[in-house]
Amino acid sequence: MFLGYKRPDGKAGIRNHVLILPVHRMVNSVAMQVEKMVRGTKISITTGEVGRSSKDRETIARTLLGLALNGNVAGVLVVGDNRYSCKELNHEEMAEIINSTGKPVELLDITESGGYYNAITSGARKAHKLVLEASYYRREPCELKDLTLGVKCGTSDPTSGVAGNPVVGKAFDLLVKAGGTAFFSETTEIIGAEDKLAKRCVNEKVQEKLLAAVSQIEAKAKATGEDIRNINPIPENIKAGITTLEEKSLGAITKSGSMPIRDVLKYGERPPGQGLYFIDGWMSSLSLPLGMAAAGANLFMYQLGGQGMPDLAPPMPAYSAGLITPMMYLTGNPRTCLKAEEFVDFCSGDIMEGKSSIEEMAEKLMESILKLASGTWTKTEIINLQDPVEFYLQDPCF
Amino acid sequence: MCKKEGLVLHEKDNVGTALNDLTAGSKIPVTKNQTITLTEDIPYGFKFSLHDIARGEAIIKYGEAIGQAKDSIKAGSLVHIHNTEGQRARGDL
Amino acid sequence: MIFNGFKRPDQSVGVRNHLLVLPSVVCANDTARLIGQQLQGAVYVTHEHGCGAHYHSSSDQIRRTMIGYGSNPNVGACIVVGLGCETMDAEEIAAGIAKTGKPVAAIVIQKVGGTIKAVSQGVQTGQKMLAELSAQKRQECDLSELIFALECGGSDSNSGISANPALGVASDLLIGEGGSSILSETSEIVGAEHLMAKRAVNKEVADQILEIVHRAEQEGVKQGLDMSNLAPGNREGGLSTVEEKSLGNIHKGGTSPVQEVLEYAFKPSRKGLIIMDTPGYDVESITAMVAGGAQVIAFTTGRGTPVGCPVAPVIKICSNSDTYGKMQDNIDINAGVIIDGLSTVQEVGQQIFQELVDVSNGKLTKAEQLGFGDFSIYRPLT
Amino acid sequence: MSDKKHNAILIDPKDNIAVAIENLKKDQKAIVKGVDYYEEIPLVQDIPFGHKLALTVLQENKEIIKYGEVIGVAMQNIEKGEYVHDHNIKGIRGKRQAN
């Protein structure tokens with residue numbers, strides 16, 4: 001059990017943000033000024049929609065809408081401009097959909113505001129209204145089934161597959177058994193381990209989707225004509241002792257636990273129900289947390305290896321999901337835990353030392369997660385780490 | 001439990017993982033009956049071979065192939081990119 | 001009556017859970033700002049005091065105010081930033097605040113070795129404090145733990161008819177629940193002190209009321225001030241004399257007996273209606289009441305004002321519908337409906353009381369949404 | 001009592017001024033309402049919203065009463081219906097007394 005915010009659509013939140021959502025790059029500047037003027041607001045700027053295929057624009061739209069509907073969001077200010085509105089990215093439609101879920105939403109159309117300064121004034125007033133409404137929310141007891149977690153691993157090293165990821169996997173098992181929802185992703189990093197995952201898919205259709213996602217990404221990798229080891233494992237992985245992509249993948253998939261895989265979701269797609277889901281996405285620490293936040297993750301777990309990190313170096317402070325979904329740093333490497341104490345929220349390094357079992361650590365991890373879900377801030381959340389937002393776009397741009 | 005120095009993750013594996021910075025010449029117990037003498041330094045987290053591995057043979061970790069030996073590898077050697085290569089997603093092959 | 005607040009180690013009750021970054025001296029202002037800006041959930045203040053050898057009474061007042069401010073129950077933890085050579089010793093102030101049992105740290109720029117190191121140390125310290133603060137949950141508290149600061153600014157002649165009497169009703173309701181209210185700005189009791197003295201619980205308190213008013217009046221006269229020369233905004237609002245302003249002002253205190261008279265920034269020792277001797281400047285007066293422990297501020301205004309407080313919510317109550325219409329971005333409650341004949345003083349008083357409860361539970365006021373945090377310590381002239 | 005909407009109020013029965021609750025124009029009538037009080041007073045001058053008007057003739061040095069208390073004295077004779085403000089009344093408190 002944890003203390004969360006219950007939203008009108010039945011979703012639960014662990015934070016209570018007001019999201020400012022500019023839908024086109026042309027309205028970012030107004031939205032950014034509004035964010036500065038109104039305390040308690042967060043902004044997700046939009047880039048990359050111009051000169052893109054409709055498939056990529058749909059990805060952006062799906063991601064933006066997903067962010068808006070995330071349980072951590074109490075209210076949304078959609079900022080748009082009729083001149084730039086397109087079929088896939090339409091601010092009015094987006095506001096209507098948000099409204100239909102019962103979540104407070106305000107729409108600011110720059111073209112109708114009468115100039116830059118009036119648009120900011122009008123936007124600030126709308127944002128104020130949303131912040132005020134949000135402040136009426138109180139934390140209430142919520143069940144594990146109301147919780148959605150996402151995970152990625154990063155700066156992987158040989159401890160990741162032994163003491164880091166398996167603990168997350170075990171915690172995912174506990175969550176999913178209790179009716180909660182869990183996401184894992186990084187299609188590139190299941191190459192070489194896909195057969196193990198395919199066996200866990202709930203049906204053949206899901207299995208086909210999973211294998212198709214892997215073969216597509218592998219074909220794209222081959223089409224580059226490059227030795228994949230120049231790209232993935234990344235130099236830091238190799239420096240830490242990971243030799244091949246297959247090795248990395250086999251360690252990476254342990255973070256998914258052992259529960260059946262309900263479905264394969266598109267980047268930013270919201271799941272049809274509870275359970276464990278694979279998201280067809282990229283490992284980028286900028287784009288993946290964003291995609292998982294859009295899919296509804298309340299908390300994002302960043303499982304660090306970090307063996308290749310120099311002493312007292314910050315891990316990659318990737319925080320784009322931290323817009324609305326706090327980032328929790330974990331590690332199974334006791335050395336990393338000491339090196340990155342400023343960032344790491346949870347350490348399962350005792351497993352490497354033989355002092356603790358994966359099961360014991362998973363119980364402790366769940367306790368830690370529930371504390372964060374009930375309002376305790378993660379270390380990176382307090383200092384407001386925020387990287388630029390990056391959507392996972394796959395088509396060429398023109 | 002005394003601190004282990006090497007870890008074998010699966011019975012099928014032909015590599016072990018160093019649980020400390022290990023030095024050449026050390027004798028590392030890896031199973032009840034087997035001890036490996038390291039032929040070179042193995043840094044924390046890196047792999048060492050549990051027996052001789054022939055060129056082209058699969059390197060097994062987590063009970064699965066993680067790549068192939070590029071050369072023959074003597075027991076107790078460091079197993080990494082200099083003597084091992086992955087097969088998947090390779091555009092250069 | 002119950003509300004949900006934060007319980008502090010010293011048994012006091014907060015309605016907010018801020019980390020306050022407080023410079024002990026003007027020279028530490030920007031360092032404090034840089035620390036505060038990097039920490040989510042932190043507030044910081046800046047001011048002009050703390051450096052040299054002030055007059056003794058002035059030093060005491062500034063130190064008392066700083067310690068009181070950091071000790072306010074809405075402050076969950078505090079970082080005091082000093083330079084190292086100032087009269088207002090940061091470590092001494094931190095020690096004063098630490099008596100409440102809350103986490104407090106002092107960072108002294110000269111000791112740490114420059115501002116960049118001080119900022120870094122401040123952010124690291126703040127990170128740990130905020131992790132602790134964020135784990136604290138609101139708990140059921142009794143409304144009797146609340147101290148309501150009664151303030152007015154930018155008054156017009158409607159203030160005495162609508163907003164102030166309505167606030168008086170709310171203040172009486174809180175006192176009825178066992179809570180307290182502080183009425184301040186002595187210069188705005190001039191001409192109405194006989195009415196307040198009549199309500200004093202005993203002769204001693206009555207004499208104190210007359211004494212502080214007499215003192216404020218004499219002090220003003222000595223300085224060559226003409227108190228009846230009201231602020232231009234007051235005059236445009238229809239107020240003609242200081243007596244008229246005062247008679248309107250004291251309505252904020254409702255009808256409750258006056259329990260105690262306090263000097264600037266002192267903590268009340270009794271419950272009920274308290275009078276604090278503060279100057280007739282909004283921000284200096286609010287700062288003193290917050291240093292005295294007030295958790296929520298009610299601010300009546302005729303002309304409209306944006307003033308906020310870094311650690312305590314400010315509820316703005318407007319005396320007339322015209323200003324409310326124009327300044328809705330800054331005002332929470334329109335008492336102008338009383339003048340418009342749409343509502344009664346009693347009804348608006350109830351509404352303010354309900355707002356007090358809601359805001360104590362976490363509802364944000366307009367000034368909070370804007371993130372406004374004005375802070376100013378009154379430095380006595382002698 | 002009349003049904004006419006009032007545009008000024010008498011705060012206390014002892015008061016000798018009323019407060020306009022609308023912008024009142026010269027030649028208009030102030031319709032003053034209080035507890036058990038109703039009077040229509042022709043205005044001599046404009047009275048802005050929130051400002052005061054005399055309910056009776058106020059002789060020079062006459063105490064001006066609002067909220068039932070003294071808020072100052074008339075500096076000159078003030079007509080019934082005349083604008084009452086700092087041009088024709090003065091406070092007594094908080095300033096150097098003329099000897």
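A, B, ... follow the sequence lines: proteins, then strands. Residue 1 opens every chain.
No donor-acceptor pair under 3.5 Å is formed between the side chain of C:K363 and the backbone N or O of A:Y137. A donor-acceptor pair is defined here as one N or O able to donate and one able to accept, closer than 3.5 Å; no such pair exists between the side chain of C:Q369 and the backbone of A:M37. In terms of modelled atom types and a separation under 3.5 Å, the side chain of A:R139 and the main chain of C:K137 share no donor-acceptor contact.
Contacts between residues 299-316 of chain C and chain A, defined by a heavy-atom separation under 4.5 Å, are made by no residue at all.
Atom NE2 of A:H128 and atom CG of C:N330 lie 8.5 Å apart (nearest 0.5 Å). For the atom pair CD (A:E381) and CG (C:L130), the distance works out to 10.5 Å, reported to the nearest 0.5 Å.
Around NZ of C:K7, the count of heavy atoms belonging to other residues, nucleotides or ligands within 6.0 Å exceeds 12. Atom CG of C:L342 has more than 12 heavy atoms from other residues, nucleotides or ligands within 6.0 Å. For A:K6, the NZ atom sits in a packed shell: over 12 heavy atoms of surrounding residues, nucleotides or ligands are nearer than 6.0 Å. Atom OH of A:Y116 has more than 12 heavy atoms from other residues, nucleotides or ligands within 6.0 Å. For A:M366, the CE atom counts as densely surrounded, since its 6.0 Å shell holds more than 12 non-hydrogen atoms of other residues, nucleotides or ligands.
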Item to check | A:R39/C:L370 under side-chain contact (heavy atoms from CB on, under 4.5 Å): CA gap, chis, key distance, verdict | outcome: CA-CA 6 Å; A:R39 190 154 83 178; C:L370 286 158; over 6 Å; no
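With a 4.5 Å cut-off on non-hydrogen atoms, A:L372 does not touch chain C at all. At a 4.5 Å heavy-atom cutoff, the contact between A:K379 and chain C is made by backbone and side-chain atoms alike. Heavy atoms closer than 4.5 Å to chain A are found in both the backbone and the side chain of C:D358.
C:A131 and A:I382 make their closest contact through N-CD1, 3.4 Å (heavy atoms, listed as atom of the first residue, atom of the second, distance). Contact between A:I383 and C:V123 at its shortest, heavy atoms only, is CG2-CG1, 3.8 Å. Residue A:W377 comes nearest to C:S134 through the heavy atom pair N-OG, 2.6 Å, listed as atom of the first residue, atom of the second, then distance.
Residue with the most contacts toward chain A among C:E132, C:E368, C:Q38: C:E368 (heavy-atom pairs, distance under 4.5 Å). The residue among C:N361, C:N4, C:L39 with the most heavy atom pairs within less than 4.5 Å of chain A is C:N361. With respect to chain A, the highest number of heavy-atom pairs below 4.5 Å among C:Q328, C:Q136, C:Q127 belongs to C:Q127.
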